[in-house]
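Residue numbers begin at 1 in each chain, while the letters A, B, ... track the order of the sequences.
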Amino acid sequence: MASADILHVDLDAFYASVEQLLNPALRGKPIAVGAGVVLASSYEAKHYGVQSGMPTRQARSLCPQLVTVPGHFSEYQRLSDQVFDICGDLTPIVERISIDEAWLDVSGSTHLFGDSATMARALRKRVLDETGLPLSIGAARTKFLAKVASQVAKPDGLVVVEPDHEMEFLHPLPVRLVWGVGPVTQAKLAERGVHTIGELAQLKPQALERMLGDAAGKHLNALAWNRDPRGVERHRRSGSMGAQSALPRQAPTDELVSQTLMRLADRVGTRLRKKDRGGRTIAIRIRIPEQRAISRRRTLGSAISGSDAIHRVALELAHQAIKEEKIHEISLLGVSVSGLREGTALQLELALGQGESGAGSDEGVRRWELDRAIDQARERFGKEAVGHGGVVFGRQSVPDEFRELAEKKDD
DNA sequence: TCTGGGGTCCTAGGACCC
DNA sequence: TCTGGGGTCCTAGGACCC
């Protein structure tokens, strides 16, 4: 039988731990990173029910002694990179899931460093010694089990699931630990008296599929029976890029919608062009206060990455939706581009070279050159140097540095 | 002042094709 | 007599993850 050669490594309450590392006075105290909204919280704060996404005001009512800090975003990226560089010394097969989590396949390294439990202990020690950060690790035969194990190990622990004890480890655990079981699914399962992964395994697959849909049902049944075929993959290209912005509730005037969408389209377009990618499907999202979110999308004949082009489509979709749904108040706008593909700049250059013409083609080239000029000016003089269409950025609910950390880094 | 921002995947229904 | 069946692409919405 294969051994427990997959590690799931997870930095505990990462942003908050960094703050406590940088400022010893914060250690042992309930802290939250973020100004108006909680972006991350320490274990001491979680203990009071403080969660990310929560307005700071609400967090403070739950925990009056809560200390809020603005956040050292560049430190988060630096320390995260340092930790995963250390992981890379154990094995080249590292799949980063986010800024604070990764899977490692260490099966090829046992002859160098010993078994996976030995490696995991050494890794935790080295990360603590070199960065000062607590790292929890789960070691198991599959990605799923390793991830569950690291959750059980938290905070600051190590859990190794030996291959011949997998079921006895897995089945008593709450169903909530299964990847893909969130609040809604958990509630549906609870209605049927299913609370543990073992109880989940006892449900007939057909019943599960009826309850949760085909894919989710099959997925959950497979995991409950400990069948997880996934391997650790080093790179994964993202399939979409988006940006959104929460707004104080207000009427969706033409000016507000157009300016906000321009800012969002430009944010997305800039990122796309930087990676020399474009996408065919443009989508917008509008949140109506105390109601559902509305979305609209349109798939174009070819991929685009220009800020103006994205903005034009997004604006049409938004106007259409606002009219159709008779929306008179909004509290969020979002733009995303999906169906991503490589090399749009190159394609445009080729089209140019071949003298491809047609309605709007010259205009397209002109806009592409304008985008490129703006991108270059921003590279040289900073982000605020040049704006698109004279858009002035107001105060934002969340700092740009935080947005950047949340972006998927995928190459 | 009941929820921030970046993502992934799935579903149901419709259009369209063979 | 009221009509098969599979495949692909698209749209809107939703659950979930960090």
Side-chain angles (χ1 to χ4, degrees), chain A residues 8 10-15 32-41 50-59 61-62 71 73 76 80 96-102 147 150-151 176-189 209-220 236-250 264 267-268 271 280-287 289-301 317 320-321 324-325 329 331-340 396-410:
Chain A
H8 182 262
D10 199 330
L11 287 155
D12 302 330
F14 178 48
Y15 295 175
V33 177
V37 63
V38 175
L39 301 175
S41 56
V50 175
Q51 292 172 355
S52 55
M54 188 178 268
T56 333
R57 177 178 268 219
Q58 187 187 348
S61 74
L62 290 170
F73 296 97
Y76 305 158
S80 167
R96 270 177 93 160
I97 310 166
S98 67
I99 192 156
D100 57 4
E101 252 185 271
K147 165 118 179 147
S150 77
Q151 288 178 267
R176 186 66 180 83
L177 290 183
V178 177
W179 175 279
V181 177
V184 175
T185 305
Q186 188 184 11
K188 282 185 189 166
L189 291 170
E209 284 164 39
R210 264 200 309 278
M211 199 188 317
L212 307 171
D214 214 44
K218 283 187 169 64
H219 170 251
L220 256 56
R236 245 189 298 174
R237 231 91 172 88
S238 55
S240 70
M241 269 188 208
Q244 60 178 44
S245 198
L247 308 163
R249 55 190 298 169
Q250 61 196 295
L264 297 171
R267 201 180 275 154
V268 176
R271 287 174 59 202
R280 285 176 62 213
T281 303
I282 314 302
I284 58 121
R285 214 163 85 85
I286 302 174
R287 191 175 66 205
E290 286 130 27
Q291 279 188 54
R292 66 213 161 101
I294 300 286
S295 68
R296 290 290 185 276
R297 67 191 69 178
R298 180 178 303 161
T299 300
L300 311 170
L317 289 169
Q320 195 185 321
E324 281 173 12
E325 310 274 345
E329 247 191 349
S331 60
L332 175 144
L333 278 171
V335 172
S336 86
V337 177
S338 58
L340 300 188
Q396 305 209 22
S397 51
V398 158
D400 276 350
E401 296 93 322
F402 177 76
R403 295 172 182 272
E404 281 166 31
L405 291 185
E407 289 167 11
K408 199 168 162 187
K409 313 283 187 297
D410 61 354

Handout entry: A:Arg297 side-chain N/O to C:dC10 phosphate OP1/OP2 under 4.0 Å
Key = no
Completion exercise
Output for pair (A:Phe402 CZ, A:Tyr15 OH), nearest 0.5 Å, gives 5.0 Å
Practice task
For A:Ser336, report the nucleic acid contact type (base, sugar-phosphate, nothing); a contact means any heavy atom under 4.0 Å.
Solution key: nothing
Problem - Closest nucleotide among B:dG4, C:dT11, C:dC16 to the A:Thr185 side chain - result: C:dC16
Problem - Among B:dT8, C:dG13, B:dG4, the nucleotide that comes nearest once only the side chain of A:Val398 is considered - result: B:dG4
Handout entry: A:Ser52 side chain near B:dG4 phosphate (N/O to OP1/OP2, under 4.0 Å)
Key = no
Practice task
Taking only the side-chain nitrogens and oxygens of A:Arg298, find out if one of them lies under 4.0 Å from OP1 or OP2 of C:dC10.
Solution key: no
Handout entry: Below 4.0 Å: OP1/OP2 of C:dA12 and any side-chain N or O of A:Ser295
Key = no
Practice task
With heavy atoms under 4.0 Å as the rule, sort A:Val181 into base, sugar-phosphate or nothing.
Solution key: sugar-phosphate
Problem - Under 4.0 angstrom between A:Arg403 side-chain N/O and B:dG5 OP1 or OP2 - result: yes
Exercise for the section: Choose from B:dT8, B:dG5, B:dT3 the nucleotide whose nearest atom is closest to any side-chain atom of A:Pro55. Expected result: B:dT3
Practice task
Could you check whether A:Lys218 gets within reach of a base, just the sugar-phosphate, or nothing at all, counting any heavy atom under 4.0 Å?
Solution key: nothing
Problem - Any A:Arg249 side-chain nitrogen or oxygen under 4.0 Å from OP1 or OP2 of B:dT3 - result: no
Handout entry: Integer-rounded Å distance: B:dT3 C1' and A:Arg285 CZ
Key = 11 Å
Practice task
Using the P atoms only, state how far C:dG4 lies from B:dG14, rounded to an integer number of Å.
Solution key: 15 Å
Problem - Under 3.5 Å on both distances, the Watson-Crick or G-U partner of C:dC18 - result: B:dG5
Problem - Between C1' of B:dC2 and CZ of A:Arg292, the distance in whole Å - result: 19 Å
Problem - Nearest-nucleotide pick for A:Glu407, side chain only, options being C:dG13, B:dG4, B:dG6 - result: B:dG6
Problem - Salt-bridge present (A:Arg287, A:Glu329; N to O < 4.0 Å) - result: no
Practice task
With heavy atoms under 4.0 Å as the rule, sort A:Gly239 into base, sugar-phosphate or nothing.
Solution key: sugar-phosphate
Problem - Any A:Arg296 side-chain nitrogen or oxygen under 4.0 Å from OP1 or OP2 of C:dG13 - result: yes
Practice task
Answer yes or no: is there an ion pair linking A:Glu101 with A:Arg96, defined by an N-O contact shorter than 4.0 Å?
Solution key: no
Practice task
Identify whether any heavy atom of A:Ile99 sits under 4.0 Å from a base atom; if not, whether one sits that close to sugar-phosphate; answer base, sugar-phosphate or nothing.
Solution key: nothing
Practice task
Assess whether side-chain hydrogen bond (donor to acceptor under 3.5 Å, both in side chains) is satisfied between A:Thr299 and A:Thr281, documenting all intermediate values.
Solution key: CA-CA 4 Å; A:Thr299 300; A:Thr281 303; 3.0 Å; yes
Handout entry: Sugar-phosphate, base or nothing in reach of A:Ala283, heavy atoms under 4.0 Å
Key = nothing
Practice task
Look at all strands and tell whether A:Glu101 reaches a base, only sugar-phosphate, or nothing, counting heavy atoms closer than 4.0 Å.
Solution key: sugar-phosphate
Exercise for the section: Take atom CG of A:Leu212 and atom C1' of B:dC10, then tell me their distance rounded to the nearest Å. Expected result: 12 Å
Problem - Which nucleotide in C:dG13, B:dG6, B:dT1 has an atom nearest any side-chain atom of A:Arg57 - result: B:dT1
Exercise for the section: Could you check if a side-chain atom of A:Leu333 sits within less than 4.5 angstrom of a side-chain atom of A:Ser245, using non-hydrogen atoms only? Expected result: no
Exercise for the section: Measure the spacing between CG of A:Leu332 and CD of A:Gln244 and express it to the nearest 0.5 Å. Expected result: 5.0 Å
Completion exercise
Closest of C:dC16, B:dG6, B:dG4 to the A:Val184 side chain is C:dC16
Practice task
In whole angstrom, give the distance that lies between atom NZ of A:Lys147 and atom P of C:dC16.
Solution key: 15 Å
Completion exercise
Walking DNA chain B from its 5' end, the first of A:Glu290 and A:Gln244 to be reached, judged by nearest nucleotide, is A:Glu290
Handout entry: Spacing of A:Ile99 atom CD1 and A:Phe14 atom CZ [to the nearest 0.5 Å]
Key = 5.5 Å
Practice task
With heavy atoms under 4.0 Å as the rule, sort A:Val33 into base, sugar-phosphate or nothing.
Solution key: nothing
Completion exercise
Among C:dG13, B:dG6, C:dC10, the one nearest any side-chain atom of A:Arg280 is C:dC10
Completion exercise
Checking C:dT11, C:dC16, C:dC18 against the side chain of A:Ser98 (C-beta onward), the nearest is C:dC18
Practice task
Determine, stepwise, if the pair A:Leu317 / A:Arg298 fulfils side-chain contact (heavy atoms from CB on, under 4.5 Å).
Solution key: CA-CA 8 Å; A:Leu317 289 169; A:Arg298 180 178 303 161; 4.1 Å; yes
Practice task
To the nearest Å, give me how far apart CZ (A:Phe73) and P (B:dG5) are.
Solution key: 12 Å
Handout entry: Residue A:Thr299, side-chain heavy atoms: nucleotide from B:dT11, C:dC18, C:dT11 that is nearest
Key = C:dT11
Fill in the blank from the handout: Here the distance between atom C1' of B:dG5 and atom CE of A:Met54, to the nearest Å, is 17 Å
Practice task
Would you mind pulling out the nucleotide paired to C:dA12, Watson-Crick or G-U wobble, both distances under 3.5 Å?
Solution key: B:dT11
Handout entry: Sugar-phosphate, base or nothing in reach of A:Pro248, heavy atoms under 4.0 Å
Key = nothing
Problem - Separation of the C1' atoms in C:dC16 and B:dT3, to the nearest angstrom - result: 15 Å
Practice task
For A:Arg96, report the nucleic acid contact type (base, sugar-phosphate, nothing); a contact means any heavy atom under 4.0 Å.
Solution key: nothing
Problem - Atom-pair distance (CG on A:Leu333; P on B:dG4), nearest Å - result: 13 Å
Handout entry: Nearest-angstrom distance from the residue atom CG of A:Asp12 to C1' of C:dC18
Key = 15 Å
Practice task
Would you indicate what A:Gly53 reaches in the nucleic acid, counting non-hydrogen atoms under 4.0 angstrom: base, sugar-phosphate, or nothing?
Solution key: base
